[in-house]
Amino acid sequence: MSNQLTPTTPVLPERFANPVRQIGSMLQQPAVRRSLPMILLVSLIAAAAIAWMTLASPQQKTLFSGLPDADKGAVQAALQAANISSKIDEGSGALTVNEDDYSRARILLAGQGLPKAAPGGYQILDNLPMGVSRAVEGERLRQARETELARSIQEIDAVAEARVHLAMPETSVFVRDNAAPSASVILKLQPGRSLAEAQVSSIINLVASSVPGLKTDAVTVVDQMGALLTHVQGQDSTTLAGDARIDFQRRIEDKYRAQLTQLLTPLVGPGNFSAEIQADVDLDETQATRESYDKQGALRAEQGNWTGTGAAAGPSAPGGIPGALSNTAPPPSTVTAQSQTPAAGATPAPGATPAPGAAAAAATPPKAAENYSRAYDLGKEISVTRAMPGTVKRLSVAVLLRDPEKGKPRSPVEIQQITDLVRAAVGYDAARNDQVTVIARKFAPAAVLEDTTPWYDAGWLPIVARNVTAILIAIMVLMLGIRPLSKAVLKKRDEAPAPRLAAGTAFSSVGQPSGGGAPQTRDGVPIPVSIEMIDNARNFDDRIGMVRGFTRDNPSRAALAVRDMIKADAS
């Protein structure tokens with residue numbers, strides 16, 4: 001006979017066969033049923049506490065993400081010293097603070113210069129694994145260079161944050177295929193700050209000098225509002241020149257306005273005057289060159305020769321240059337004998353001595369031909385005049401003075417004195433047709449600026465709403481959960497049935513047996529008197545005592561019974 005083993009299905013214990021039935025039977029137990037209201041009450045209180053903690057705790061906001069451990073420790077120490085609670089997210093490692101303390105924490109850390117180091121930079125290359133491709137290594141190097149350039153740009157006071165993007169093409173062996181690198185920089189400026197043209201140029205040169213082969217024309221700078229801070233190549237030069245002219249004129253006007261403010265503030269007080277200046281500035285650059293010559297030159301050198309016709313014919317022969325004044329005898333009335341020079345060929349007067357020049361002229365033979373080369377020095381003058389821009393062609397100044405609200409207005413003498421001071425301060429020139437006007441009037445009352453922020457955008461509204469919601473939830477739990485449960489518990493206790501008394505037990509007073517013992521109780525609670533107990537009383541005294549106890553325990557029913565008795569007697 002063979003024994004065959006048959007697989008048997010494991011049977012669960014009876015207590016684990018039907019968990020729902022087990023739970024139901026457990027709830028049907030008297031002790032559990034009596035304690036069920038208390039369990040529900042504790043559960044509601046716990047739920048209300050959890051809801052309160054969830055709603056009352058402020059929302060967390062990320063302060064910094066990706067910080068090194070050293071900076072995290074320094075930042076947490078600074079926040080703890082300022083009584084600002086902070087947490088570190090276990091998943092992302094970000095440092096978070098309460099939403100209400102976010103702005104105060106940023107201001108505090110910025111004042112202390114924290115965090116000192118931003119993540120990234122050349123630290124990326126330290127974590128570079130071995131065996132990476134050349135492309136990945138180049139991208140890591142480019143990313144590190146971008147981060148380092150952004151850190152350098154953020155050192156400028158007006159720059160809050162900066163990001164740099166480098167476009168560096170691969171180097172080719174063919175020269176014609178090589179492309180020049182380019183860069184773009186986006187800046188987030190501090191509130192109320194702007195960058196001057198010189199600062200933008202310094203950022204461009206900084207980026208161009210940090211990347212090999214990068215030219216300044218290939219660098220583009222943009223701010224957080226999307227405004228282009230660099231000038232595009234080929235942009236209209238007249239527009240740039242016009243902007244430069246307007247900026248130069250504005251600087252001139254600001255200079256004069258500052259002078260007037262410094263002059264009039266001690267005299268009339270701050271806020272008691274208003275000054276406006278319009279300067280017409282000559283911004284044209286003029287350059288002129290002039291060259292002039294002297295009409296009468298000075299003989300510098302003479303070279304040549306001449307030939308004559310022969311010897312002189314005698315003392316009476318004519319001599320000299322034909323047609324010259326020396327060959328013509330002057331009138332006798334105007335020439336004296338001492339200073340008279342006889343002309344060539346003329347007969348001297350008796351007793352007169354011929355002049356030595358006249359004798360030499362008579363002895364010089366006449367010229368037949370001459371050949372001379374003469375050089376003259378001419379006076380030469382070269383004048384170069386260059387007028388620089390920036391000359392004020394005309395100046396218009398208007399000053400408005402505040403008349404006192406109470407008292408006499410300003411006198412014409414005072415206004416004239418202030419006018420003279422203003423003219424002296426701005427350099428008044430009547431030849432330029434400058435105009436200076438000073439008047440005194442009462443100023444209009446200052447308008448009160450109302451807060452236009454809507455009430456639903458106020459910062460206190462989320463906090464109040466969160467606290468009010470938590471209080472309402474707690475009140476609803478108390479009113480809808482705890483209060484009905486407490487009433488039910490008290491009602492069940494009051495409506496508990498009275499135990500049956502043993503036969504032969506008599507009451508001598510309210511709830512007391514006739515033997516004078518203690519009143520009947522159940523679980524320490526006196527048993528209330530019922531109608532059945534009064535009807536089953538043995539004697540009249542016990543019945544009176546039970547009626548007294550019934551009246552005490554049920555005053556309303558006793559009043560109704562008395563009313564019915566009175567009506568029955570009346571009928």
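Taking both residues in full, the closest heavy atoms of L114 and A74 are given as CD1-O, 3.8 Å, listed atom of the first, atom of the second, then distance. Between P169 and P181, the closest heavy-atom pair is CD-CA, 4.0 Å. The heavy-atom pair separating T220 from T230 by the smallest distance is CA-OG1, 3.9 Å. Between A78 and Q112, the closest heavy-atom pair is CB-OE1, 3.3 Å. In plain terms, the two heavy atoms of A150 and V164 that are nearest each other are N-CG2, 3.8 Å. Residues I204 and T216 approach most closely at CG2-O, 3.5 Å, considering heavy atoms.
To the nearest 0.5 Å, atom CZ of residue R441 and atom CG of residue D403 are 7.5 Å apart. Separation of atoms CZ (R104) and CG (N83) is listed at 7.5 Å; rounding is to 0.5 Å. Here CG of L214 is found 10.5 Å from CG of N205. Values are rounded to the nearest 0.5 Å. Between atom CD of residue Q435 and atom CD of residue Q278 there is a gap of 11.5 Å, rounded to the nearest 0.5 Å. Between the CG atom in D223 and the CG atom in L195 there is a gap of 8.0 Å [rounded to 0.5 Å]. Annotation: the span from D157 atom CG to Q190 atom CD amounts to 8.5 Å, rounded to 0.5 Å.
With contacts defined as side-chain heavy-atom distances shorter than 4.5 Å, the pair I186/Q224 does not qualify. Residues R466 and I463 meet the side-chain proximity criterion, which asks for heavy atoms closer than 4.5 Å. With a 4.5 Å cut-off on side-chain heavy atoms, L187 and I156 do not count as touching. In this structure, the side chains of I277 and L260 come closer than 4.5 Å at one or more pairs of heavy atoms. A 4.5 Å side-chain heavy-atom check between Y102 and Q60 finds every atom pair outside the cut-off. Inter-residue side-chain proximity for Q199 and I203 is flagged as unmet; no heavy-atom pair is nearer than 4.5 Å. The shortest distance between side-chain heavy atoms of L95 and K72 does not fall below 4.5 Å. Looking only at side-chain heavy atoms (C-beta outward), F64 and L109 come within less than 4.5 Å of each other.
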Run L149 and V185 through side-chain contact (heavy atoms from CB on, under 4.5 Å) and show every step you take.
CA-CA 10 Å; L149 284 174; V185 182; over 6 Å; no
Intermediate values then yes/no, side-chain contact (heavy atoms from CB on, under 4.5 Å), E414 and L401:
CA-CA 11 Å; E414 183 182 0; L401 302 176; over 6 Å; no
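Between R142 and E146, at least one side-chain N (NZ, or NE/NH1/NH2) sits under 4.0 Å from a carboxylate O, which counts as a salt bridge. Remark: R140 does not engage E137 in a salt bridge, criterion side-chain N to carboxylate O under 4.0 Å.
In this structure a side-chain-to-backbone donor-acceptor pair under 3.5 Å is present from D429 to A431. Side-chain atoms of S274 never come within 3.5 Å of backbone atoms of L400 as a donor-acceptor pair (strictly under, hydrogens ignored). Without hydrogens or angle criteria, Q259 side chain to V426 main chain gives no donor-acceptor distance under 3.5 Å. Listed for the R394 side chain is a donor-acceptor partner under 3.5 Å among the backbone atoms of N433. Here the side chain of R410 pairs no donor or acceptor atom with the backbone of P404 at under 3.5 angstrom. The backbone N or O of V211 lies less than 3.5 Å from no partner atom in the side chain of R145, so there is not a single donor-acceptor pair. Remark: side-chain polar atoms of D434 are paired, donor with acceptor, to backbone N or O of L395 under 3.5 angstrom.
For D254, the side-chain contact (heavy atoms from CB on, under 4.5 Å) partners two or more places apart in sequence, or in a different chain, are R250, R257. The side-chain contact (heavy atoms from CB on, under 4.5 Å) search around E99 returns Q59, not counting sequence neighbours. Checked against side-chain contact (heavy atoms from CB on, under 4.5 Å), S152 has the following partners two or more places apart in sequence or in another chain: L206.
A donor atom on one side chain and an acceptor atom on the other are not found under 3.5 Å apart for S85 and D101.
Environment of CD in Q80: sparse, with no more than 12 heavy atoms of neighbouring residues, nucleotides or ligands closer than 6.0 Å.
Here the options are V397, V422, T261, V392, the test is side-chain contact (heavy atoms from CB on, under 4.5 Å), and the partner is Y256; only V392 passes.
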